[in-house]
J.: 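Before I ask anything, here is the structure I am working with.
FYI, side chains are in, hydrogens and waters are out, and symmetry mates aren't considered; it's all heavy atoms of this structure. The chains referred to below are lettered A, B, ... by the order of the sequence lines, with proteins before strands, and numbering in each begins at 1. What you see is a predicted model, and the numbers here were worked out from it, not measured in a lab.
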2 protein chains.
Amino acid sequence: MQEAIQDILKKNQLSITGSRVKILELFLDQPGALAHGDIERRTGEKFDRVTVYRTLQVFLSKGIIHSIPTADNSVLYALCKDECGEGHHHDNHVHFVCDKCGNTVCLDEVTVPVIRLPRGYKSSQIQVVVNGKCKACSRD
Amino acid sequence: MQEAIQDILKKNQLSITGSRVKILELFLDQPGALAHGDIERRTGEKFDRVTVYRTLQVFLSKGIIHSIPTADNSVLYALCKDECGEGHHHDNHVHFVCDKCGNTVCLDEVTVPVIRLPRGYKSSQIQVVVNGKCKACSRD
DNA sequence: AAACAGATGCAACTTTGTTGCAAAATAAAT
DNA sequence: ATTTATTTTGCAACAAAGTTGCATCTGTTT
Ligand SMILES: [Mn+2]
Ligand SMILES: [Mn+2]
Ligand SMILES: [Zn+2]
Ligand SMILES: [Zn+2]
């Protein structure tokens, strides 16, 4: 685990620091997406708010995490599983937001569909966010 | 024009006030989506910021406008063209954000596709946001 | 161990959004 | 047309979210 984290940081030419290790750990420890606030809480406010912002920005620009748009316009982040790198993200999967438990997850196995646009429009990226009940919540 | 606006407000049992008329006018005057900030600017800061927030909230709850999630998590609003009403929105169309001119539009003729979810997931709503170049911007 | 580059924390600030309340405007009743 | 009742508005104060500059500290390289 600690090794995997150090690998990720080294591969992206980032120095290994407390906040980066801890925040990466949070992402690797659970399957879903995290909001800035979640991270502050789960680190026990050990790091300055500004440091968390900057760490997320660096991870984002390096292609370690990607951001997820949601219907209520809160900012969520999740680990990139494909081979994303500095500048080029390929996270063309669908995101799912559970209305009951609030969790947001990447559905890596569900790729975004082709959208037929009207004449003249050129698409560069497509974001699909599905709301509903997740596996756990639709059982009961 | 003024009549159409009054009709909309009456139909939704809203009193006819300066801010509501002016803000509806803005939406009717142009084809795209508007952010809160756009509205403040285009009204020439004639109305209090709080009034604009409350007006948008009322319009949203009445089904006069709908909100659009974007990749950069800014909040946009656009007129509902279908028959949306208090509580029930049916804005199942794709949204397009132009990376060049920044405009966001409703592609009313492009309906959101069916998404096959993994076993156990139940969907209640699907948001599709396409980025790229709009008709005007892809010409040059 | 020393030197350098980069990351952190702090303070100060901006932007965005919310709430309570008195004053003003609108709608309804007389 | 006036009065009354109901909404809406603007203001002030606040809270939350995000940004920037700068001095200090930490990690990396030699
Ligand atoms: Mn994802
Ligand atoms: Mn729309
Ligand atoms: Zn759930
Ligand atoms: Zn354009």
Side-chain angles (χ1 to χ4, degrees), chain A residues 2-3 5-26 33-62 64-65 67-77 86 102 104, chain B residues 2-3 5-26 33-62 64-65 67-77 86 102 104:
Chain A
Q2 289 302 318
E3 297 210 357
I5 290 174
Q6 304 217 347
D7 276 357
I8 294 174
L9 291 174
K10 279 180 192 156
K11 196 188 304 172
N12 288 282
Q13 299 157 63
L14 294 174
S15 45
I16 295 163
T17 67
S19 59
R20 288 175 181 169
V21 170
K22 182 68 192 166
I23 291 175
L24 261 185
E25 215 171 281
L26 284 182
L34 294 172
H36 174 94
D38 296 327
I39 293 166
E40 278 199 79
R41 256 169 271 123
R42 300 203 198 180
T43 52
E45 282 93 14
K46 199 180 160 193
F47 306 105
D48 194 83
R49 219 158 45 86
V50 179
T51 301
V52 176
Y53 278 116
R54 293 200 266 228
T55 302
L56 290 173
Q57 277 170 18
V58 170
F59 285 1
L60 207 52
S61 75
K62 290 289 186 176
I64 299 173
I65 59 176
S67 71
I68 303 171
T70 61
D72 70 330
N73 287 91
S74 59
V75 192
L76 294 177
Y77 302 93
E86 187 140 17
T104 297
Chain B
Q2 289 303 317
E3 297 210 357
I5 290 174
Q6 304 218 347
D7 276 357
I8 294 174
L9 292 175
K10 280 180 191 155
K11 196 188 305 172
N12 288 281
Q13 299 157 62
L14 294 174
S15 44
I16 295 162
T17 69
S19 59
R20 288 174 182 168
V21 169
K22 182 65 193 169
I23 291 175
L24 261 184
E25 215 170 281
L26 284 182
L34 295 172
H36 174 95
D38 295 327
I39 294 167
E40 279 199 78
R41 256 169 271 123
R42 300 203 197 178
T43 52
E45 284 93 13
K46 199 181 160 191
F47 306 105
D48 194 83
R49 219 158 44 86
V50 178
T51 302
V52 176
Y53 278 115
R54 293 200 267 227
T55 303
L56 289 172
Q57 277 170 18
V58 170
F59 285 1
L60 207 53
S61 74
K62 291 288 186 176
I64 299 171
I65 60 176
S67 71
I68 303 171
T70 60
D72 70 329
N73 288 91
S74 60
V75 192
L76 294 177
Y77 303 92
E86 186 141 16
T104 297

J.: Donor-acceptor check, side chain of A:Lys62 to backbone of A:Glu86, threshold 3.5 angstrom: yes or no?
T.: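 Not a single qualifying donor-acceptor pair exists.
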J.: Would you mind reading off the distance between B:Leu9 atom CG and D:dT8 atom P, rounded to a whole angstrom?
T.: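 So the two atoms are 10 Å apart, to the nearest Å.
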J.: Given atom CG of B:Asp72 and atom P of C:dT15, what is their separation to the nearest angstrom?
T.: 17 Å
J.: Measure from CG on B:Asp38 to P on C:dT16 and round the result to the nearest Å.
T.: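 Interatomic distance, CG of B:Asp38 to P of C:dT16: 11 Å.
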J.: What are the two closest heavy atoms between B:Glu40 and B:His36, and how far apart are they?
T.: OE2-NE2, 2.9 Å
J.: Could you tell me how far apart B:Glu45 (CD) and D:dG10 (C1') are, to the nearest whole angstrom?
T.: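 Atom-to-atom, B:Glu45 to D:dG10, this comes out as 15 Å.
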J.: Spell out, as yes or no, whether a donor-acceptor pair under 3.5 Å connects the side chain of B:Arg20 to the backbone of B:Leu14.
T.: no
J.: Taking only N and O in the side chain of B:Thr51, is any of them less than 4.0 Å away from OP1 or OP2 of D:dT9?
T.: no
J.: Can you tell me if A:Gln13 has over 12 outside heavy atoms packed within less than 6.0 Å of its CD?
T.: no
J.: What string of B, S and - do you get for nucleotides 18-30 of chain D, 5' to 3', if B is base contact, S is sugar-phosphate-only contact and - is no contact with any protein heavy atom under 4.0 Å?
T.: BBBB-----SS--
J.: Taking OP1 and OP2 of D:dT9, is either one under 4.0 Å from a side-chain nitrogen or oxygen of B:Ser19?
T.: yes
J.: With distance as the sole test, does A:Asp38 use its side chain to make a donor-acceptor pair with the main-chain N or O of A:Leu34 at under 3.5 Å?
T.: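 Flag not set: sc A:Asp38 to bb A:Leu34 has no pair under 3.5 Å.
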J.: Could you check how far CG of B:Leu24 sits from P of D:dT8, rounded to whole Å?
T.: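 B:Leu24 atom CG is separated from D:dT8 atom P by 14 Å.
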J.: Check the distance between C:dA28's P and B:Lys10's NZ and give it to me in whole angstrom.
T.: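 So the two atoms are 10 Å apart, to the nearest Å.
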J.: List the atom pairs, with distances to 0.1 Å, where a side-chain N or O of residues 48-59 of chain A and a protein N or O form a donor-acceptor pair under 3.5 Å, not counting sequence neighbours.
T.:
unit_1	atom_1	unit_2	atom_2	d
A:Asp48	OD2	A:Val50	N	2.9
A:Thr55	OG1	A:Thr51	O	2.7

J.: Could you tell me the separation between the CG atom of B:Asn12 and the C1' atom of C:dT26, rounded to a whole number of Å?
T.: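 Rounded to the whole Å, the gap is 17 Å.
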J.: Rounding to an integer number of Å, can you tell me how far A:Arg20 CZ sits from C:dG9 P?
T.: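 One finds 12 Å between P of C:dG9 and CZ of A:Arg20, rounded.
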